Amino acid sequence: MFESWVQRVVFGLNADADIAVKRLACNMTQGEIVAGCLAPHPPHLVYAENPPQNEPVAEGGWEQLRWGYERLRDSLKDVDYDAIVLLSPHWQTYVGTHFLGLPNFKSLSVDPVFPNLFRYHYDLNIDVDLTRKIHDKAAEAGLAVKMMENPDFRVDYGTITTGHMFNPGWDKPLVVVSSNRSRDYYSVEVMQEMMIELGRVTREAILESGKKVVVLASNSLSHRHFTTESEIPEDMSKEHITSHAMHLWDMRMIDYIRSGQAQRILDEMPEFTEQAIAESDGGGLSWLLSTLDTPTYPGILHGYGTIIGTGNAIVEWPERNHKEASQ
Amino acid sequence: MSEGGIVGSFIVPVHPHTVLVPEQNEGWQRLRNAFDEAAQRIKDSNADLLVIYSTTWPSIIGHQIQADPNPEWVMVDHDFHDLGSIPYSFNIDSEFAHAWDEANKKRGLKSRTVNYTGFPIDVGSVVALKLLNPENAIPAVIVSSNVYANRSETTVLAKSCLDVIKATGRKAVAVTAMSLSNRMFTTAIDPKDDKIHSLKDDEWNRKILEFLGEGRLEDVGQLSRTIHKQIRVQKVVAFKPMWWLAGMNENRNNLTGDVLAYEAIHGAGGAVVHLDPTPSGAGDKEYDEDDVEFFSGERNVLDAEGDAPSFDAQLSQPQQTATSSGPALWEPTTGESSVNSDAAPKPVGMYPHARRVGDLLYLSGVGPRQPGTNAIPGGPICDEQGAPLNYDIKAQTKAVVDNITRILEEAGGSIDDVLDVTSFLVDMDRDFAGYNEVWADTLGKVGPTRTTLAIRALPTPIAVEMKVIARAPKEN
Ligand SMILES: [Fe+2]
């Protein structure tokens with residue numbers, strides 16, 4: 001299976017699949033990606049928001065980013081869609097890509113790194129049909145995939161944070177995709193080839209499903225943390241980017257995002273991931289851009305801010321307004 | 001109360017197969033049998049404390065120590081969820097956890113305890129405690145593996161743990177939950193086909209186990225960085241548990257080692273190893289790294305007043321004080337009429353960047369080193385051992401001119417004020433043409449007089465330096 005995937009990617013034997021995608025994209029009675037978003041998941045945002053589901057209590061904090069999420073939610077409040085497809089870097093699977101495969105997950109999620117900030121009681125529904133479609137298409141394409149059907153499984157805090165910040169009412173079913181660790185095993189390039197392929201089949205499955213979908217990649221940009229936390233975690237006088245180099249990288253990526261140069265983001269992903277220790281190492285951003293067919297229209301920057309020194313951007317690619325771009 | 005100490009150490013694998021499905025593969029079953037044997041030995045040792053250092057519990061904010069006296073939940077592995085669930089209910093020595101946390105702080109570490117219902121105890125700790133302490137008879141503590149911690153920090157973490165063990169007279173067993181080589185197959189495999197991911201991984205694992213079998217724990221600790229590079233997936237966690245375990249055993253090399261099993265788990269190297277503190281025939285240390293008592297490292301990023309240098313800046317930049325590759329750097333002297341610039345590289349002796357005399361500005365010799373990083377554009381002329389390197393004279397010359405520009409601008413002037421230059425080249429034959437070309441594009445256009453000399457060496461591994469006299473800017 002892996003070998004056949006390698007052959008396809010390495011030797012470029014993807015012609016049939018490409019034709020299939022193009023045919024589907026032309027037929028607009030099919031499903032639709034209404035938007036794709038970069039929607040980072042630092043638990044600090046949920047903590048600062050004080051929702052009833054989260055146990056710790058905050059005095060606020062990280063407002064710039066929380067207002068960014070507000071703008072993102074506003075931007076989509078009159079847009080009709082059926083499901084959210086989300087990839088979180090904190091469900092880290094080394095043995096291929098996994099998908100939450102049961103209709104409901106309900107439990108308590110405690111962040112192992114910031115348990116003082118995030119202990120969230122979640123109750124989320126999965127669109128198992130759409131999940132299975134994406135899973136099956138990925139399997140057909142030769143990617144290693146697995147459905148996660150153990151009811152005791154605890155959903156990772158990345159999924160929950162992004163899920164909450166994007167849609168605090170939790171009234172849309174989710175498709176939850178694990179992140180890819182090939183970067184650790186091989187290289188950013190191999191990770192990216194796999195995730196671009198996964199993005200391609202994700203798009204194909206969504207269009208075939210007849211559903212309207214929002215796609216979310218849940219990751220920070222630059223990802224160097226401070227290794228200490230101030231007495232009051234939400235003390236914003238301590239919050240800034242860890243270094244100038246991290247800032248420059250983040251701004252470079254945001255510049256590409258705002259000027260519709262998704263391909264350049266993919267091209268520079270290896271350097272970005274290495275030098276900015278970017279959380280895109282799990283493949284979320286590469287997968288998102290591929291799912292959006294590598295947009296050439298500008299992404300809308302709803303917000304940028306740092307969290308414990310890491311750089312976070314909230315971005316929307318409003319594909320619904322750029323249908324011509326995706327044909 | 002008798003003196004406390006370590007009565008035994010164990011290295012155990014992290015994946016859930018040995019708990020959930022040992023029967024599916026003969027190797028997994030042998031690992032399970034080894035776990036059972038280890039549990040029996042721990043019981044026989046009359047240990048009254050189990051200390052677990054787990055690589056599958058990463059932390060960012062210092063070191064986290066589990067302090068919930070009775071954590072209970074159901075653990076499901078992120079990858080191997082289809083093998084089943086592991087319900088747990090552990091007996092944690094909360095008092096010890098708090099004492100260790102305090103001892104960490106006394107030795108300069110960032111540390112905190114965690115005590116939250118539903119805290120997700122990591123797979124490595126769950127497997128270790130389930131199998132090594134099946135009846136929960138022995139109270140345990142678990143510590144995280146800090147992703148940014150280096151050797152000195154990890155060594156100090158062990159020392160503070162030993163402080164408490166000794167002070168409280170405990171008979172402790174130290175456990176590291178870890179893989180040896182940790183590369184797994186990236187696709188599903190039939191359990192019966194499991195093997196170590198590659199021959200190279202297997203060879204390294206066997207070498208490590210040979211050392212451990214001879215009780216040479218400190219040697220493995222000191223090879224930790226090499227081992228990580230060779231057989232570990234490049235995550236930030238590193239092969240640091242060996243630093244901790246060596247620290248827990250007072251960095252000894254003459255323990256009595258016993259490899260109880262070594263097998264593959266989905267491609268990764270899993271071993272159960274027992275290290276008895278009884279001295280064996282093997283020699284003690286062959287070489288030493290620093291023996292650190294207190295941690296005073298780079299954990300103060302947020303604590304410092306103003307902007308402390310970030311950890312990555314320290315990683316990627318040479319030290320600003322004496323280094324093995326060059327002379328010590330000095331703060332520029334600040335006597336009357338001296339002109340100094342933060343934008344210029346630090347002096348290599350007790351002198352200012354420039355000095356003003358009447359209408360003239362005399363600059364100390366300016367080389368290409370970059371302010372802040374001390375890096376040499378175009379590369380150094382030799383490595384730390386003095387072996388010659390290929391360098392770019394044009395890049396070096398350009399950097400010299402840029403440094404001169406910075407110093408003059410700091411003084412309120414500009415490059416156009418340069419009147420006279422004496423240039424020093426360490427290799428006239430090789431470099432004159434390139435140097436001359438950059439000159440023509442830069443200072444040549446300003447038009448100062450110039451003298452170029454060949455000299456044997458400069459104090460840092462650079463090829464060009466310039467001595468400048470410039471017009472002093474008008475004082476206002
Ligand atoms: Fe994250």
Side-chain angles (χ1 to χ4, degrees), chain A residues 1-2 5 55-56 90-96 98 107-116 119 121 143-154 156-157 178 180-186 194 224-230 233 235 238-246 275 277 308-309, chain B residues 57-62 64 73-87 110 112 114-122 144 146-149 182-189 197 232-236 266-268 297-304 307 309-313 316:
Chain A
M1 206 156 76
F2 182 68
W5 173 82
E55 292 175 5
H90 290 282
W91 182 8
Q92 304 194 341
T93 54
Y94 289 82
V95 190
H98 300 217
S107 186
L108 169 67
S109 171
V110 179
D111 178 348
V113 178
F114 297 102
N116 50 327
R119 304 190 298 277
H121 297 266
L143 293 164
V145 285
K146 186 147 88 178
M147 295 288 274
M148 203 309 296
E149 290 164 339
N150 185 328
D152 299 326
F153 186 83
R154 271 207 279 184
D156 72 282
Y157 69 90
S178 77
N180 182 294
R181 309 318 298 174
S182 300
R183 176 268 158 110
D184 297 329
Y185 274 41
Y186 305 106
M194 288 181 173
R224 170 63 77 178
H225 301 87
F226 288 118
T227 54
T228 56
E229 191 175 60
S230 48
D235 176 355
K238 296 290 202 301
E239 188 60 81
H240 58 88
I241 194 84
T242 49
S243 74
H244 185 49
M246 299 290 139
Q275 293 173 25
I277 316 131
I308 193 149
Chain B
W57 180 13
S59 62
I60 289 168
I61 309 295
Q64 302 198 129
W73 210 265
V74 179
M75 203 285 302
V76 178
D77 190 75
H78 272 193
D79 261 300
F80 303 108
H81 39 77
D82 53 338
L83 300 182
S85 315
I86 308 180
K110 290 286 167 194
R112 66 184 180 196
V114 297
N115 180 355
Y116 301 107
T117 302
F119 184 92
I121 297 191
D122 61 284
S144 69
N146 184 287
V147 299
Y148 295 111
N182 67 350
R183 190 183 291 270
M184 291 190 286
F185 293 108
T186 53
T187 52
I189 57 165
H197 189 278
R232 303 274 296 180
V233 168
Q234 297 299 308
K235 288 189 293 182
V236 272
H266 205 87
E298 61 286 330
R299 283 281 176 272
N300 60 349
V301 185
L302 269 183
D303 289 350
D307 273 347
S310 69
F311 180 49
D312 46 319
S316 59

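A note on names: the letters A, B, ... follow the listed sequences, proteins ahead of strands, and every chain is numbered from 1. Only this structure's heavy atoms are used, side chains among them; waters, hydrogens and symmetry mates stay out. Everything quoted here is computed from the prediction, not taken from an experiment.
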Next item on the list: Under 4.5 Å heavy-atom distance to chain B, tell me which part of A:His121 shows up: side chain, backbone, both or neither.
Entry: neither

Next item on the list: State, to 0.1 Å, how close B:Gly118 and A:Leu108 come at their nearest heavy-atom pair, and which atoms those are.
Entry: CA-CD2, 4.1 Å

Next item on the list: Search all heavy atoms of A:Ala144 against all heavy atoms of B:Thr187 and return the closest pair with its distance.
Entry: CB-CG2, 3.8 Å

Next item on the list: Measure the OH-CZ distance between A:Tyr94 and B:Phe80 for me, rounded to the nearest 0.5 Å.
Entry: 11.0 Å

Next item on the list: Kindly give the heavy-atom pair with the smallest separation between A:Pro112 and B:Trp57, and that separation in Å.
Entry: O-NE1, 3.5 Å

Item checked: Verdict with supporting geometry, A:Glu55 and B:Thr117, side chain to side chain contact (heavy atoms under 4.5 Å, CB included) -> CA-CA 11 Å; A:Glu55 292 175 5; B:Thr117 302; 5.9 Å; no

Item checked: Heavy-atom side-chain proximity of A:His98 to B:Asp79 below 4.5 angstrom -> yes

Notebook entry, point to check: Got a donor-acceptor contact below 3.5 angstrom from the B:Tyr116 side chain to the A:Asp111 backbone?
Noted result: no

Notebook entry, point to check: Got a donor-acceptor contact below 3.5 angstrom from the A:Asn150 side chain to the B:His81 backbone?
Noted result: yes

Next item on the list: List the steps and the verdict of side chain to side chain contact (heavy atoms under 4.5 Å, CB included) for B:Ile60 and A:Ile308.
Entry: CA-CA 10 Å; B:Ile60 289 168; A:Ile308 193 149; 5.7 Å; no

Check: Where does B:Asp77 contact chain A at under 4.5 Å (heavy atoms): side chain, backbone, both or neither?
Finding: backbone

Notebook entry, point to check: So what's closer than 4.5 Å to chain A heavy atoms on B:Phe185: side chain, backbone, both or neither?
Noted result: backbone

Notebook entry, point to check: What part of A:Ser109 lies closer than 4.5 angstrom to a heavy atom of chain B: side chain, backbone, both or neither?
Noted result: neither

Item checked: A:Lys146/B:Asp82 under side chain to side chain contact (heavy atoms under 4.5 Å, CB included): CA gap, chis, key distance, verdict -> CA-CA 9 Å; A:Lys146 186 147 88 178; B:Asp82 53 338; 3.2 Å; yes

Notebook entry, point to check: Looking at A:Arg154, A:His225, A:His244, which makes the most heavy-atom pairs under 4.5 Å with chain B?
Noted result: A:Arg154

Next item on the list: Might you point out which heavy atoms bring A:Phe226 and B:Ile61 nearest each other, and give the distance in Å?
Entry: O-CD1, 4.0 Å

Margin query: Can you tell me which of B:Gly267, B:Ser59, B:Pro120 forms the most heavy-atom pairs within a distance under 4.5 Å of chain A?
Written below: B:Pro120

Notebook entry, point to check: So, do B:Trp73 and A:Ser107 sit near enough that their side-chain heavy atoms are less than 4.5 Å apart?
Noted result: yes

Check: What pair of heavy atoms forms the shortest contact from B:Arg112 to A:Val113, and how long is it?
Finding: NH2-O, 3.2 Å

